[in-house]
Amino acid sequence: MKKPDLTKYKTTSTLYLLILIIAAVALIFGWRCTSSSLSNRSADLHIRTLPSRCVKVSKTTTVYRISDVRWTKKASTLMFYSQHQTVVVEVDGKLLYTRSLKTDSILHTTGRNCEMVSVPENTRSILVTLTNCNLDKQVSDPVFYQGDGVHMFRHELLKAGIPMLLGIMNVVLGILMLIYWLFVHHWAYVSKSMLYLGILTTDLGAWFCLETSSSILLSQNPVFHSYVTRMLLLLLPIPFMMFVRHYLKARDRYLCRIFVWLDVAEIAVVLFLQLMDIRDLTQTLWMTHVMIGLAVLYFIYTICNKFYHHTTTHALWICTIGIIILIGALFSDMYNYYQGSQDIEIVGRIAMLLFIVTLACDTAFVSLKEIDTGRRAALYRELAEKDLLTGCYNRNAYHEDTSRCKKLTNLLLFVFDLNNLKYYNDKFGHDCGDQYITDAAHILRKIFSRHGKLYRIGGDEFCVLIDDHNTCDISHLISCLRKEEAVYNASSRNIHLQIACGYAVFDSRTDADLDALQKRADQNMYENKKTVKNIFLPLRLKPAAVFLRHPFFGASLPHTTARPQAKVHPQDCAHRPALTHRHRWKQLRYTVCHSVHSER
C-alpha cells in the first residue's frame with residue numbers, strides 16, 4: 001500500500017506552531033504590561049488595600065474589623081468581593097449595608113458580588129460580617145480596598161479586561177465554527193468534529209466570560225449569573241467527549257456513549273436535587289468536577305489507544321500537546337475554587353484559547369479535504385447512475401429504483417424507441433447518431449420529467465416510471481410528444497426524428513411483477529413503431545440523386561453519388577417499363593413537385 005504524502009501536513013503543523021508561539025508571547029507580554037500598568041495606576045488613583053482583623057464566630061460566619069483608617073470624600077468607598085455569602089456592614093455600631101438571601105429564589109445563594117459600600121466621613125471602625133450560604137464550601141478571606149467608587153469600578157473593569165477578551169474570543173470563534181459547519185454541511189458530508197468543537201468553544205468561552213470580575217461588576221442579577229455559570233459547566237463534558245471521538249476517530253463502541261449518558265444522568269440528578277430543595281448547585285459542584293475528570297480520562301485513554309495501535313497522525317500529536325495544557329488549566333482552576341481563591345489563571349486561559357484555535361484550523365483543513373472527497377464521491381455516484389451522453393438516468397439506476405419499488409398499484413410505465421438510429425449511424429456517422437439521441441432525450445425530458453424519472457436503458461431505448469397514472473393525462477402526454485416531434489422535424493435540416501412510444505398501467509390480474517408490466521409496454525411500443533415507420537421522410541431533406549437508385553427508375557445513373565435511400569409513395573413503386581433518361585428526369589420532377597405540394 002502506498003504511503004500518504006505527509007509533507008503537506010508537516011508544513012501546516014509547522015505554520016500552526018509558529019503562529020501559536022507568536023500569539024502566546026504577545027498575549028502573555030500584553031498581560032504582564034497591563035498588570036504592571038494597572039498596579040501603577042491604582043497607586044495614582046489612591047486605591048489601597050486595607051488591613052483587617054478576622055474573628056471566626058462560627059463555622060460559616062466570619063467577622064472582619066477595619067479600624068484606624070481615614071475616610072474622606074476622595075476615599076469614601078469600601079470595596080470587596082463576596083462569594084455566595086450574606087453580607088452585613090456596620091459603621092460605628094450602626095447598620096450601613098446588607099446583602100441577604102432572597103426567599104423566592106430557587107438557588108440558595110447570593111451569587112458572586114462586588115460589594116461597594118459608601119462609608120461616611122470620620123468613621124472610626126467598620127465591622128463586616130460574612131456568612132457562607134454553602135456549609136460545605138470553604139471561602140478564602142476577602143481583600144478590602146479603599147478609594148473613590150468610580151475609579152475603583154473602572155480599575156476593576158480594566159483589570160479583568162484580558163480574561164473577558166479571551167472569553168469573548170472563544171465565543172466568537174465557536175460561533176464562526178458553527179456557522180462554517182452549517183454552511184459546509186449542506187454542500188458535502190463533513191465530519192461532526194467541527195460541530196462539537198464549535199459547541200465546546202462557545203460553551204467554554206461563555207463560562208470564561210461569566211467567571212471574570214468584569215461580568216460580576218456588570219451583572220444586575222447575581223443569582224441568575226451564578227445559575228448560568230453552573231449550567232455552562234454542567235454541559236461542558238458532553239461536547240468535549242463527542243469532539244474527541246470524532247476528531248481522533250475513536251473506535252470504541254460503548255465507552256463514549258456510557259460517559260455521555262452518565263453526564264446526562266448527572267445533569268438530571270443535579271437539577272432534580274436543586275428543584276426539590278435538597279442540595280444546591282454549589283453543593284453538587286463536585287459531581288460536575290468528577291464528570292469533567294472522566295472526560296479528561298477518556299481523552300487520555302483515546303490518545304494512549306492510538307499510540308498503542310501505532311495509528312499516529314498529526315491530529316494525535318496536536319491532542320497530545322493539548323491534553324497537557326488542558327490538564328494544567330483544569331486542575332489549576334479546581335485548586336483555586338476549592339481554596340476559595342478569586343484569582344484567574346491568565347496563562348491557562350491563553351493556552352486554552354491557542355489550543356482551540358489550533359484544533360479549529362486543523363479541523364477546518366480536514367473538513368476541506370472531506371469536502372473534496374465528498375465531491376469526488378458524488379461525481380462517481382453520478383457516473384454510476386447517469387448516462388453521460390444524455391444526462392438521463394442509466395440502466396443501473398433503473399434496476400435499483402425498480403428493486404426498491406414496493407407499491408406497484410397504479411404504476412405507469414412509458415417505453416420509447418428511436419426509429420432509424422442505425423440508419424443515421426451507418427450513413428452519416430456516430431456524431432449524427434449521438435445528436436439524434438440527445439435531441440430525442442431533450443424532448444422526452446421536457447415532457448415527462450415533471451411526472452417521473454427518465455431512464456436510458458439501451459442504445460435507442462428510453463423509459464419513464466410514474467408512480468400514479470392518475471396524476472397525469474396519458475393521451476395529452478403522447479399528443480405533446482407528437483407535437484414536439486413535428487416542431488423539431490420542421491426546423492431540423494439533417495435529422496428526421498421518429499420516437500415510437502408504448503405504455504402500460506400495472507394490473508394485478510395480468511402482471512405478476514414489474515417485468516410483466518415492461519413486456520406489455522414493449523408490445524405496445526413495437527406496434528406503435530410499425531405505424532410510425534410508415535411515415536415518409538421529407539423529400540426536401542435528401543438530394544434528388546437518391547431517387548434514381550429506386551427500382552422505379554431502373555439502374556442508377558452513372559456518376560451519381562451514393563446517398564441514403566428515401567421512401568416514396570407506394571403508387572410510385574409499381575413496375576414500370578424501361579424509360580429513357582429524358583423520361584426518367586421528367587418523372588422525377590413530377591414526383592418531387594407532387595411530394596413537396598403534398599407536404600405543404
Side-chain angles (χ1 to χ4, degrees), residues 35 38-39 42-43 45-69 71 75-92 95-101 107-119 123-149 151-160 163 210-219 222-223 225-226 229 280 282 285 332-346:
S35 300
L38 284 174
S39 62
S42 62
L45 295 176
H46 304 287
I47 300 174
R48 67 192 187 98
T49 304
L50 298 179
S52 60
R53 286 180 295 175
C54 173
V55 178
K56 196 76 173 179
V57 177
S58 64
K59 184 179 178 180
T60 59
T61 304
T62 308
V63 178
Y64 301 90
R65 178 182 293 274
I66 302 172
S67 58
D68 301 329
V69 178
W71 299 92
S76 61
T77 302
L78 173 67
M79 187 188 76
F80 60 95
Y81 284 93
S82 64
Q83 300 187 73
H84 310 284
Q85 297 168 315
T86 59
V87 180
V88 177
V89 179
E90 298 179 2
V91 175
D92 295 334
L95 182 63
L96 180 63
Y97 174 83
T98 60
R99 181 182 294 277
S100 57
L101 284 171
L107 298 176
H108 299 283
T109 179
T110 57
R112 296 178 61 190
N113 298 275
C114 179
E115 313 291 353
M116 302 187 73
V117 183
S118 181
V119 180
T123 298
R124 291 175 295 178
S125 175
I126 300 176
L127 291 178
V128 179
T129 304
L130 301 179
T131 303
N132 296 342
C133 299
N134 184 3
L135 302 179
D136 302 329
K137 187 176 183 298
Q138 180 182 358
V139 181
S140 62
D141 295 330
V143 180
F144 298 94
Y145 299 94
Q146 179 193 20
D148 181 73
H151 291 162
M152 285 195 296
F153 183 83
R154 293 176 181 175
H155 180 267
E156 289 298 313
L157 284 179
L158 292 175
K159 184 179 178 181
L210 294 179
E211 282 291 310
T212 60
S213 58
S214 298
S215 64
I216 297 173
L217 285 170
L218 300 174
S219 176
V223 177
H225 179 276
S226 178
T229 305
D280 193 72
T282 55
L285 189 60
S332 175
D333 283 341
M334 286 187 179
Y335 176 79
N336 289 334
Y337 173 78
Y338 286 107
Q339 291 297 320
S341 175
Q342 299 177 6
D343 297 333
I344 297 175
E345 293 293 331
I346 302 297

To the nearest 0.5 Å, what is the distance between OG on S52 and CG on D141? 7.0 Å
Do you know the tightest heavy-atom contact between D92 and R124? OD1-N, 3.4 Å
Any chance you could measure T129, atom OG1, to R65, atom CZ, to the nearest 0.5 Å? 10.0 Å
The single option from I126, V128, L127 passing side chain to side chain contact (heavy atoms under 4.5 Å, CB included) against E90: L127
What residues form a salt bridge (Lys or Arg N to Asp or Glu O under 4.0 Å) with E156, not counting sequence neighbours? none
Donor-acceptor pair between R112 and S226 side chains, under 3.5 angstrom: no
On a heavy-atom basis, which atom in H84 and which in T109 lie closest, and how many Å separate them? ND1-OG1, 2.6 Å
How far apart are the closest heavy atoms of E115 and N113, and which atoms are they? OE2-CB, 3.3 Å
To the nearest 0.5 Å, what is the distance between CD1 on I216 and CD on E211? 7.0 Å
Restricting to non-hydrogen atoms, name the atom on S58 and the atom on K56 that form the minimum distance, rounded to 0.1 Å. O-CE, 3.3 Å
Contacts of type side chain to side chain contact (heavy atoms under 4.5 Å, CB included), residue S118, not counting sequence neighbours: none
Could you tell me the separation between the CG atom of L130 and the OG1 atom of T61, rounded to the nearest 0.5 Å? 9.0 Å
Close side-chain approach of C133 and T86, heavy atoms under 4.5 Å: yes
Does the side chain of Y145 come within less than 4.5 Å of L78's, by heavy atoms? no
Rounded distance (nearest 0.5 Å) linking atom CD of Q85 with atom CG of L101: 11.5 Å
Separation between CD of Q146 and CZ of F80, rounded to the nearest 0.5 Å: 14.0 Å
Taking every heavy atom of C114 against every heavy atom of L217, the minimum-distance pair comes out as SG-CD2, 3.3 Å
Heavy-atom closest contact (T62 atom, C54 atom, distance): CG2-SG, 3.2 Å
Side-chain contact test, heavy atoms from C-beta onward, threshold under 4.5 Å: evaluate it for F153 versus L218 and give yes or no. yes
